[in-house]
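This one's a predicted model, so the numbers in the text were calculated from it and none came from an experiment. Basis for what follows: all heavy atoms, side chains included, without hydrogens, waters or symmetry-related copies.
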Amino acid sequence: MPFLYLHINVFADIVVLLNTIAAIAIVFRGEREVSSMWAWLMVLITLPGIGLIIYMFLGRNLNSKKIFSLQTQKVLGIDKIVKNQKKLAHEIDTAEHLEEEGSFVRLFLQNDAALLTFQNSVHIFTDGHDKFDQLFADIQKAKHHINLEYFTIYDDEIGNQLVDLLTQRAQAGVRVRVLFDQWGSKGRHDKMWRRLRDAGGQVVPFLSPRYVAITFRINFRDHRKIAVIDGSIGYIGGFNVGDQYLGRFKKFGHWRDTHVRIEGDAVLAIQSRFFTDWNATTKKQQLNFSDDYFPSQQASNNRTTAIQIVSSGPDDTKKQIQTGYLKMFASATESIYIQTPYFIPDQAVLEVLRMAVLSGVKVKIMIPAFPDHPFVYRATEWYVKQLIQVGAEIYRYDKGFMHAKTVTIDGRISSIGSANMDIRSFILNFEANAFMYDRNLAKQLENIYHADILESTKLDLAYFEHQSVWKKALQRMSRLLGPIL
């Protein structure tokens, strides 16, 4: 028997050694954040076999050819946009109302070639019914093209209503293109899309194999939610397409999100984003830049909002949107308002927010009342607790699920888009946000925030102290997994 035990121990030691070697080889094979490396090493070493399965879903990097394709398309797209709008560039330094925002403008120009656009009118949506009613009305009036790009388009009631409407417009001769994420949409739903394709519409899953119904790579998703109609109306924000975003799921209750409808020059920047992603995804249906897609915008006295459309993703290491958030937090002197479904910041974001609180800036963060991803929610609880300890105000939205991704500072600069306040949005997903320089718009968002506070509970340290030992343990463990959640 001792001889048998000896062999079993030797075998176990060999398995552990081989698993450790494999874990190190896998994790260090590609470029990663240091925190992500340690998190993956912990998973792969402590969960032999199971950890590898988890890695296959969450850890694999994006194909280098696809990254190169995106980077190449980005250069082409921005060149065309800059040429089309170069006449506005001189206004950056001459606009008196943007003197304080000049450093933001220069940052995004250098970091993302995000041209500052003037002459924009913006309408804010916080309810899915209102947003889709207006989007459908705009689609119904489309004369030349409809370009949609969403992380989620479900095969449900609102999803099929959208497909029916797009099919009607395609039959009327309008060019219809849809780009969606396979994972976010739970597969391709080819049957749902068939009638649109038969009518001449084009539907493509973002950077996915042509003949694979579902991808097993969870990371590097197209998390953007944008739409462009006739090059003159654009949408960007947090709403996906699905019944749950209309509050039709009892599990989520009222769905609280934020999206904006834009008319003006910023629409052309959103269009450029769509062109970039479309051309990187499909090689046989390439889009060419023309005046039909990038029409000259008509000046209007009612359009006063200056906007930069900023994109980020794993095709670039500049972390453009996260850098924008950091700039906002570091620049704030009075207030920071954040709404996010997930709050898993990296050390840089956490420290700058802590510094802002200690400097006397009112920092208010609003999160959901319940999780849609358990580990993510527990990590969120751990991080907001750290900020409560230094004086930040944390609100739990109780009316339903808080899915908005908004930031406003000092009543003057706002950001609305698809990027959550978490590491996944900072480095793992493809995101798009509108950074807006308009005090009236910022005031609207602050008023919306204050209305949401009436539907929320302010969390304090006592709230966390009374949680169960199990919840506290989950928060600590989930915090360690933050870089890969």
Could you check whether Phe430 and His223 have their ring centres less than 6.0 Å apart? no

Rounded to the nearest 0.5 Å, what's the gap from CD on Gln134 to NE2 on His129? Could you check? 15.5 Å

Are Arg175 and Ile146 close enough, and set up right, to give a side-chain contact (heavy atoms from CB on, under 4.5 Å), and what steps lead you there? CA-CA 6 Å; Arg175 297 165 178 81; Ile146 301 164; over 6 Å; no

Of the options Phe370, Tyr245, Phe249, Tyr377, which is the one that meets Phe401 in a ring-ring contact (aromatic ring centres under 6.0 Å, His included)? Phe370

Do Gln339 and Tyr397 have side-chain heavy atoms sitting under 4.5 Å apart? no

Can any side-chain N or O of Gln308 pair as donor or acceptor with the backbone N or O of Ala114 at less than 3.5 Å? yes

Verify whether one side chain among Thr276 and Asn279 offers a donor that lies under 3.5 Å from an acceptor in the other. no

Please name the pair of heavy atoms, one in Asp257 and one in Phe239, separated by the smallest distance, quoted to 0.1 Å. CB-CZ, 3.3 Å

So do Ile453 and His450 actually touch side chain to side chain, heavy atoms under 4.5 Å? yes

Are Lys318 and Asp112 ion-paired here, with the side-chain N under 4.0 Å from a carboxylate O? no

Using the ring of each side chain (for Trp, its six-membered ring), is Tyr449 parallel, tilted or perpendicular to Tyr337, with breaks at 30° and 60°? perpendicular

Pairwise side-chain contact, Arg169 with Leu166, heavy-atom cut-off 4.5 Å (strictly under): no

Quick one: do the Gln322 and Asp346 side chains pair a donor with an acceptor below 3.5 Å? yes

With distance as the sole test, does Gln386 use its side chain to make a donor-acceptor pair with the main-chain N or O of Trp382 at under 3.5 Å? yes

N/O donor-acceptor pair under 3.5 Å between Thr340 side chain and Met421 backbone: yes

Is a donor from one side chain sitting under 3.5 angstrom from an acceptor on the other, for Gln271 and His145? yes

Hey, are the side chains of Gln475 and Arg479 touching, using non-hydrogen atoms and a 4.5 Å cut-off? no

When you look at NZ of Lys362, are more than 12 heavy atoms from neighbouring residues, nucleotides or ligands closer to it than 6.0 Å? no

Taking side chain as C-beta onward, heavy atoms only, is Val241 less than 4.5 Å from Phe132? yes

So, Trp278 versus Phe275, ring centres under 6.0 angstrom or not? no

Once you measure the plane-to-plane angle for Phe125 and Tyr235, does it fall in the parallel (<30°), tilted (30-60°) or perpendicular (>60°) bin? parallel

Going by the salt bridge (Lys or Arg N to Asp or Glu O under 4.0 Å) test, which pairs reach into residues 122-149, not counting sequence neighbours? Asp138-Arg261

For a side chain to side chain donor-acceptor pair (under 3.5 Å) with Glu431, tell me which candidate from Ser312, Ser418, Ser311 qualifies. Ser418

Distance flag, aromatic centroids of Phe206 and Phe180, threshold under 6.0 Å: no

Donor-acceptor contact present, side-chain Asn120 to main-chain Ala306, <3.5 Å: no

With a 3.5 Å cut-off and no angle check, do the side chains of Asp181 and Trp183 form a donor-acceptor pair? no

Electrostatic pair Glu381-Lys471, nearest N-O below 4.0 angstrom: no

Whether the side chain of Asn420 engages the backbone of Asp422 through a donor-acceptor N/O pair (distance < 3.5 Å, no angle test) should be reported. no

If I compare all heavy atoms of Gly417 with all of Asn433, which pair ends up nearest, and what's the gap? CA-OD1, 3.4 Å

All heavy atoms of Ile321 vs all of Ala419, minimum pair found to be CG2-CB, 3.7 Å

Return the CG to NZ distance between Asn240 and Lys225, rounded to the nearest 0.5 Å. 4.0 Å

Heavy-atom donor-acceptor pair, Ser272 side chain to Leu268 backbone, under 3.5 Å: no

For the residue pair Thr304 and Asn440, establish whether any side-chain heavy-atom pair is separated by less than 4.5 Å. no

Between the main-chain N or O of Asp438 and the side-chain N or O of Thr305, is there a donor-acceptor pair closer than 3.5 Å? no

Could you check whether any side-chain N or O of Asn429 sits under 3.5 Å from a backbone N or O of Arg221, counting only pairs where one atom can act as donor and the other as acceptor? yes

Any side-chain donor near an acceptor of the partner, His144 and Asp230, under 3.5 Å: no

If we only count heavy atoms from C-beta on, is the Leu459 to Tyr395 side-chain gap below 4.5 Å? no

Give the minimum heavy-atom separation between Arg248 and Ile158, together with the two atoms involved. NH1-N, 4.0 Å

Please say whether more than 12 non-hydrogen atoms of neighbouring residues, nucleotides or ligands are located less than 6.0 Å from CZ in Arg476. no

Where do Met402 and Asp452 land on the side-chain contact (heavy atoms from CB on, under 4.5 Å) test, with the steps shown first? CA-CA 10 Å; Met402 170 58 65; Asp452 289 334; 4.3 Å; yes

Does the Ser331 side chain pair with the main chain of Lys327, one donor and one acceptor, at a distance under 3.5 Å? yes

How far apart are the closest heavy atoms of Pro368 and Pro341, and which atoms are they? CD-O, 3.4 Å

For side-chain contact (heavy atoms from CB on, under 4.5 Å), just list the numbers for Thr126 and Arg256, CA-CA rounded to whole Å, side-chain angles, deciding distance to a tenth of an Å, and then say yes or no. CA-CA 6 Å; Thr126 60; Arg256 172 64 183 84; 3.8 Å; yes

As an exercise, state the distance from CD of Glu446 to CD1 of Ile448, rounded to the nearest 0.5 Å. 10.5 Å

Taking atom OG of Ser414 and atom CD1 of Ile409, what is their separation to the nearest 0.5 Å? 8.5 Å

Are the aromatic ring centres of Tyr293 and Phe274 under 6.0 angstrom apart? no

Between Asp155 and Asn160, is any side-chain donor less than 3.5 angstrom from a side-chain acceptor? yes

Hey, what do you get for CD1 (Ile153) to CG (Leu179), rounding to the nearest 0.5 Å? 8.5 Å

For Ile139 against Ile229, the heavy-atom pair lying closest together: CG1-CG1, 4.3 Å

Under the ring-ring contact (aromatic ring centres under 6.0 Å, His included) rule, collect the residues that match up with Phe435, sequence neighbours excluded. Phe108

Side chain proximity check, Val363 to Ile365, heavy atoms < 4.5 angstrom: yes

Take Gln444 and Ile124 through the test side-chain contact (heavy atoms from CB on, under 4.5 Å) and record every step on the way to the result. CA-CA 9 Å; Gln444 288 183 54; Ile124 303 170; 3.8 Å; yes

What is the distance from atom CZ of Arg224 to atom CG of Leu148, rounded to the nearest 0.5 Å? 15.5 Å

Pairs meeting criterion salt bridge (Lys or Arg N to Asp or Glu O under 4.0 Å) with involvement of residues 391-416, two or more places apart: Glu100-Arg412, Glu101-Arg412, Lys364-Glu393, Arg396-Asp398, Asp410-Arg412

